[in-house]
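Below is one structure, written out as structure tokens; comments come after it.
Order of listing sets the numbers, starting from 1, for every ligand and every atom in it. These values consider heavy atoms only, across backbone and side chains, with no hydrogens, waters or symmetry-generated copies.
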Amino acid sequence: MRRTLFEPEHEALRASVREFLDRHVRPRHEEFIAARQIPREIWIEAGKQGFLGLLIPEEYGGGGVADDWRFSAVLAEELAAVSVAFSSTFGIHADVNAPYLVELTTPEQRQRWLPVYCTGELVTAIAMTEPSGGSDLAALKTTAVRDGDEWLLNGAKTFITNGFSADLVIVAARTDRAKGVKGISLFVVEAGTPGFTRGRKLDKVGQDESDTAELFFVDARVPHANLIGEQGRGFIHMMERLPQERIGAAVGNLANARALLAETLEYVKTRTAFGQPVGSFQYNKFTLAELVTKVEVTQAFVDHCVLAHVDGELSAVDAAKAKWWTAQVQNDVLDTCLHGGYGYMNEYRIARAWRDARVTKIWAGSNEIMKELIGRDLGL
Ligand SMILES: Cc1cc2nc3c(=O)[nH]c(=O)nc-3n(C[C@H](O)[C@H](O)[C@H](O)COP(=O)(O)OP(=O)(O)OC[C@H]3O[C@@H](n4cnc5c(N)ncnc54)[C@H](O)[C@@H]3O)c2cc1C
């Protein structure tokens with residue numbers, strides 16, 4: 001079905017993202033997987049092309065298109081067609097963190113961070129999850145205590161995307177123990193901050209090319225000038241921005257499923273068994289027909305959510321629906337890839353994609369938590 005949400009200017013961005021990926025990323029993908037990290041020169045190249053600063057005002061070197069999130073959706077789609085690791089690694093920086101660093105910062109902070117954010121000289125991460133739990137964000141334990149012009153941070157974060165390589169981490173910490181969700185604030189912690197250290201790159205089931213790490217804060221001295229947003233409103237700041245993170249995840253999940261499903265459709269036309277293409281068996285034909293239907297029907301809902309987000313009308317509940325459903329559809333597609341034994345070999349994209357996709361049902365709020373949000377909205 002023809003999609004109607006994109007205009008020629010979005011397709012122009014798509015063409016340049018594809019060219020960047022074909023030239024700089026696809027030929028070196030195996031190298032990034034082996035290094036378990038995306039090298040900085042790729043970030044810098046993405047920055048040169050303007051992909052990192054789409055949501056940043058032009059005065060700070062960005063693209064200034066924050067009012068049209070379709071540009072971000074195009075970027076997420078093209079990155080996810082390579083791998084979910086790319087859409088998440090770049091997405092955390094360029095899409096998830098942008099509203100925090102633009103909307104919650106002072107002019108001085110924006111001047112300090114945004115120009116280098118756009119060029120890729122400064123890579124960012126966001127740290128909410130802790131070893132003791134991520135679903136119940138309100139229960140986070142990392143503390144921040146004021147000490148003159150500084151805050152002393154103590155605690156740990158885990159599973160942080162870009163955590164190993166980030167130069168700047170947005171950290172959620174408890175500034176007032178007595179105030180529950182109203183006692184959480186957000187800090188920018190920069191690399192080199194005394195008392196801030198990182199663990200090793202975590203050994204994940206998939207997404208090898210994306211670095212994920214634990215972060216430790218032991219009397220980490222963070223200047224008061226690095227507090228972002230309103231003190232005590234950190235939880236609300238995160239809740240307000242999670243729908244964009246979740247629709248971004250949904251867009252990536254579905255684009256990844258579409259790309260791998262298209263490759264599977266080619267494969268089943270050429271791979272034969274019992275003297276005929278494996279795709280021509282009625283069972284497989286029906287299975288693939290069901291998956292294509294699921295993907296296309298889902299695309300209509302996701303596109304509708306994207307447009308709602310552009311209009312500032314995407315609800316947290318609709319973002320939750322899009323996020324869990326696309327994660328499920330993506331995993332259904334990748335579980336049914338019909339590549340036989342080759343689908344279990346890492347040299348086949350389908351195998352890696354299957355491993356990569358395990359986490360889309362978990363991160364940015366698990367499928368259970370998404371359904372909890374939807375259930376609450378039903379008054380249950
Ligand atoms: C590769 C990767 C990258 C990540 N990147 C980041 C990042 O950049 N920044 C960041 O802050 N976090 C990140 N995360 C963390 C992620 O968001 C959390 O893993 C997720 O929110 C779940 O938290 P948890 O792992 O602590 O599970 P828990 O909260 O311990 O939950 C355990 C299980 O219980 C279920 N559960 C919990 N509460 C309920 C409930 N009320 N009803 C039903 N079931 C429930 C959960 O769904 C889950 O299945 C990342 C995780 C991974 C794996």
Side-chain angles (χ1 to χ4, degrees), residues 33 36-38 80 83-98 100-101 123-142 155-174 184 186-189 198-217 234-235 237-239 241-242 244-246 248-250 252-253 256 319-320 323-324 327-328 330-331 352-378 380:
I33 287 169
R36 296 174 58 225
Q37 191 169 327
I38 294 165
S83 79
V84 177
F86 273 97
S87 57
S88 72
T89 299
F90 282 101
I92 287 281
H93 175 78
D95 190 61
V96 173
N97 289 347
Y100 290 86
L101 295 175
V123 169
T124 65
I126 184 159
M128 303 179 191
T129 306
E130 305 194 342
S132 57
S135 301
D136 186 4
L137 197 52
L140 64 83
K141 294 185 167 64
T142 298
K157 300 284 177 181
T158 194
F159 309 143
I160 306 307
T161 302
N162 300 339
F164 193 81
S165 56
D167 308 287
L168 176 161
V169 187
I170 299 167
V171 177
R174 187 167 296 288
I184 294 173
L186 299 177
F187 296 88
V188 159
V189 180
R198 315 161 199 245
R200 66 202 156 88
K201 288 179 203 163
L202 292 171
D203 184 11
K204 306 191 294 291
V205 166
Q207 304 202 10
D208 299 315
E209 66 274 48
S210 145
D211 74 89
T212 310
E214 272 182 290
L215 312 177
F216 305 103
F217 307 94
F235 187 78
H237 293 324
M238 291 186 282
M239 290 303 117
R241 284 156 189 82
L242 276 170
Q244 178 164 305
E245 176 167 359
R246 289 176 180 153
N253 294 344
N256 183 254
K323 200 231 160 221
W324 90 259
Q328 189 59 51
Q330 178 191 25
N331 277 271
R352 284 198 186 280
W354 177 77
R355 293 200 283 119
D356 289 354
R358 303 292 94 189
V359 77
T360 66
K361 294 192 281 186
I362 300 169
W363 64 16
S366 66
N367 279 16
E368 292 79 20
I369 295 299
M370 296 302 96
K371 291 176 197 175
E372 178 64 31
L373 292 176
I374 298 162
R376 264 187 241 160
D377 185 59
L378 297 173
L380 302 172

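Closer than 4.0 angstrom to ligand 1 sit non-hydrogen atoms from Ile126, Ala127, Met128, Thr129, Gly133, Gly134, Ser135, Phe159, Ile160, Thr161, Lys204, Val359, Ile362, Trp363, Ala364, Ser366, Glu368, Ile369.
Summarising the geometry of Asn367 relative to Lys323, their closest heavy-atom pair is OD1-NZ, 4.5 Å, with the distance given to 0.1 Å.
Legend: salt bridge (charged side-chain N to carboxylate O under 4.0 Å, His left out) pairs involving residues 203-212, not counting sequence neighbours, sorted by first then second residue: Asp208-Arg352, Asp208-Arg355. Residue pairs that meet the salt bridge (charged side-chain N to carboxylate O under 4.0 Å, His left out) test with at least one member in residues 158-173, sequence neighbours left out, are Arg40-Asp167.
Here the OG1-CD1 distance, from Thr212 to Ile92, works out to 9.5 Å after rounding to the nearest 0.5 Å.
Under the salt bridge (charged side-chain N to carboxylate O under 4.0 Å, His left out) criterion, Glu130 pairs with Lys157, not counting sequence neighbours.
Under 3.5 Å, the side chains of Asn97 and Thr124 contain a donor-acceptor pair of N or O atoms.
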